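Single-structure report; data block below.
Being a predicted model, the structure only gives us computed values, none of them experimental. Keep in mind that the numbers below use all heavy atoms, side chains included, and drop hydrogens, waters and symmetry copies.
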Amino acid sequence: MQGSGEMKGTKKLSLLQLVFLGMAWTMPLIVFANYGIASEAAHGYLPTAYAIALLAMSFTAYSYGRMAKQLPNAGSAYGYAAKTFRPEAGFMVGWALLLDYLFNPIVCCILFSLYLDAIFPAVPFFLWVAVFVALVCAINYFGIQLSAAVSKYSVLIQLGIIGIFCVSSVYHIVSGVNAAGTGGFTMQPFLGDGLTLPSLLAGASLLCFSFLGFDTVSIMSEEADKPKRNIPRAMLIIIVVCGIVDVTVTYLGQLVLPGYNYEDPDTASLALALLVGGGLLKAIFVGSMIGAMFTGAVSSVASVSRLLYIMGRDGVLPRRIFGYLHPKHQTPVRNVALVGAICLLAAVLPLGAAISFVNFGALLAFGCVNLCVIKYEFVNLRRRGWRAWVMSGILPGAGFVAIGWLFSNLSSRAVYLGLGWLVVGLGIMLLQKYRKASRVSAESGRAIPGEGAARQVGA
């Protein structure tokens, strides 16, 4: 049994493979999934809202990069908190992060099944869920290299479809064929008379969740080639590429279909695809979204199974179950199976509840990582000087403020569900500590009489 130690795959993940794994989680096509809802929240100024969201998340990406260089084998926000503050803090952060990592594949599973259920309504919904879970777990069973390969081709296909959309949109704009009857490139989607700060901030708060996933590559540090260099670079590349894609797509979309009063906000992106590319592009969009949800779940399960492994290896979760690696594939197969079983909840769990769990866990972990940079570099490493104040204080501090602002915009349901989850985690942690203390006490009690008896015999 591989109960402890680092994951020792035969081939380390390259920088490009890390980027593809992270982008498979974030799913470039997600910009179309929430296009209508986000556009309404931002009153049509979606590109500007995305730019603000990009700036806010870049601060946290910077903090992740700092911690990845300092503690390359720590294993995401869980490890950073445990080694910067205390193991108890690490457990609670890791427990919160599980909300993001466990429920993200559930969200993908729900959306995947909903798309197919709409196409094949005669097939039971649970059957789509079961097929989805079985395929995702099978890919993760055979190792991280297969997961990386699947992620690579999915991301390339998604970027290709986005490229087709952009080219088609430019043709419509240049030809003067848009919904408003006007043509040409303008700055109206960025700045205009109807732009207000409250609506812009509301849109940005919603859109920050489009960037979730860049942090997952930190989980792969033990399987990455040159993690101190490649982990921060991969996160930066993911944030920049996703930001450029999101701003470009929404800018062109607003030029082709101005405004934000859609007949159905949930399907606004399909109406946009139909306008610029006809029925064929719309059909390609639907098929691509199904594929994106699948590969997003592959990357999600790869990440959460490794987070559970690290927590099991460290002893904060039962080591026999969570700290096991398959002797041949070097994958945490028991964790993969457990996550797959949890994903079956997609058959009964409402989509809104699953998304609420993801948002709460991600933002809580992000805020903690920003604090870790300040504490680790100022207190642990005792860094001083103006450079330290900027690199280790001001930038991560700005990230913490930005995340705090986003957290304050969470729905009350997300907060209540998240706090309930934290209470459960606190109970588990206290139970683990009680059992450990009882075991140590019992072992000490057995050792003392034995020692006394030995002395009596010796006398």
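Considering only residues two or more places apart in sequence or on other chains, F20 meets the ring pair (Phe, Tyr, Trp, His ring centres under 6.0 Å) condition with none of them. Residues meeting the ring pair (Phe, Tyr, Trp, His ring centres under 6.0 Å) test with F59, sequence neighbours left out: none. For V107, the side-chain contact (heavy atoms from CB on, under 4.5 Å) test picks out L111, L351, A354, I355, V358, with sequence neighbours left out. Under the side-chain contact (heavy atoms from CB on, under 4.5 Å) criterion, A51 pairs with no residue, sequence neighbours left out. Considering only residues two or more places apart in sequence or on other chains, Y35 meets the ring pair (Phe, Tyr, Trp, His ring centres under 6.0 Å) condition with none of them. Qualifying ring pair (Phe, Tyr, Trp, His ring centres under 6.0 Å) partners for Y50, counting only residues two or more places apart in sequence or in other chains: none. Every residue meeting the side-chain contact (heavy atoms from CB on, under 4.5 Å) condition with C166, not counting sequence neighbours, appears here in chain and number order: I162, T248, V249, L252. Every residue meeting the side-chain hydrogen bond (donor to acceptor under 3.5 Å, both in side chains) condition with N104, not counting sequence neighbours, appears here in chain and number order: S300. For Y251, the side-chain contact (heavy atoms from CB on, under 4.5 Å) test picks out P47, F185, P189, F190, L255, with sequence neighbours left out.
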Please list every donor-acceptor pair under 3.5 Å in which a side-chain atom of residues 272-279 meets a protein atom from a residue at least two apart or in another chain.
none

Could you list the donor-acceptor pairs under 3.5 angstrom formed by side chains in residues 229-246, with sequence neighbours left out?
unit_1	atom_1	unit_2	atom_2	d
N230	ND2	D225	O	2.5

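Annotation: side chain of F132 is not in contact with side chain of L116 (no heavy-atom distance under 4.5 Å). In this structure the side chain of I290 never reaches within 4.5 angstrom of the side chain of F294, judged on heavy atoms. The shortest distance between side-chain heavy atoms of M27 and M293 falls below 4.5 Å. Residues S39 and Q254 meet the side-chain proximity criterion, which asks for heavy atoms closer than 4.5 Å.
Although no hydrogens or angles enter the test, the distance criterion places a donor-acceptor pair under 3.5 Å between the side chain of T295 and the main chain of A292.
Residue pairs meeting the side-chain hydrogen bond (donor to acceptor under 3.5 Å, both in side chains) criterion with at least one partner in residues 157-169, sequence neighbours excluded, are S154-Q158.
Smallest separation of non-hydrogen atoms from A96 and L364: CB-CD2, 3.5 Å. The minimum heavy-atom distance linking T250 with L46 is given by the pair CG2-CD2, 3.5 Å. For I403 against M57, the heavy-atom pair with the smallest separation is CD1-SD, 4.3 Å. Pairing each heavy atom of V133 with each of G340, the nearest pair is CG1-O, 3.2 Å. Scanning both residues, A77 and V369, for their nearest heavy atoms gives CB-CG2, 3.6 Å. Of all heavy-atom pairs between V129 and A346, the closest is CG1-CB, 4.2 Å.
Taking CG of N335 as the reference point, atom SG of C137 lies at 11.0 Å (rounded to 0.5 Å). Taken from CD1 in I428 to CG in L431, the straight-line distance is 8.0 Å, to the nearest 0.5 Å. One finds the CG atom of L29 at 6.0 Å from the OG atom of S288 (value rounded to the nearest 0.5 Å). Put simply, CD1 on I164 and CD1 on I284 are 6.0 Å apart, with the number rounded to the nearest 0.5 Å. One distance of note links CD1 of I321 with OH of Y309; it measures 15.0 Å at 0.5 Å rounding. Taking CG of L308 as the reference point, atom CG of L102 lies at 6.0 Å (rounded to 0.5 Å).
Ring pair F120/W128 is tilted by interplanar angle, where 30° to 60° counts as tilted.
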Q: Test side-chain contact (heavy atoms from CB on, under 4.5 Å) on V424 and W95 and set out the steps.
A: CA-CA 9 Å; V424 173; W95 185 256; 3.9 Å; yes

Q: List the steps, then state whether side-chain contact (heavy atoms from CB on, under 4.5 Å) holds for W421 with L98.
A: CA-CA 10 Å; W421 176 264; L98 283 176; 4.2 Å; yes

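For CZ of F400, the number of neighbouring non-hydrogen atoms (other residues, nucleotides, ligands) closer than 6.0 Å is 12 at most.
The ring-ring contact (aromatic ring centres under 6.0 Å, His included) test with F366 singles out one residue from F360, F214, F407, and that residue is F214.
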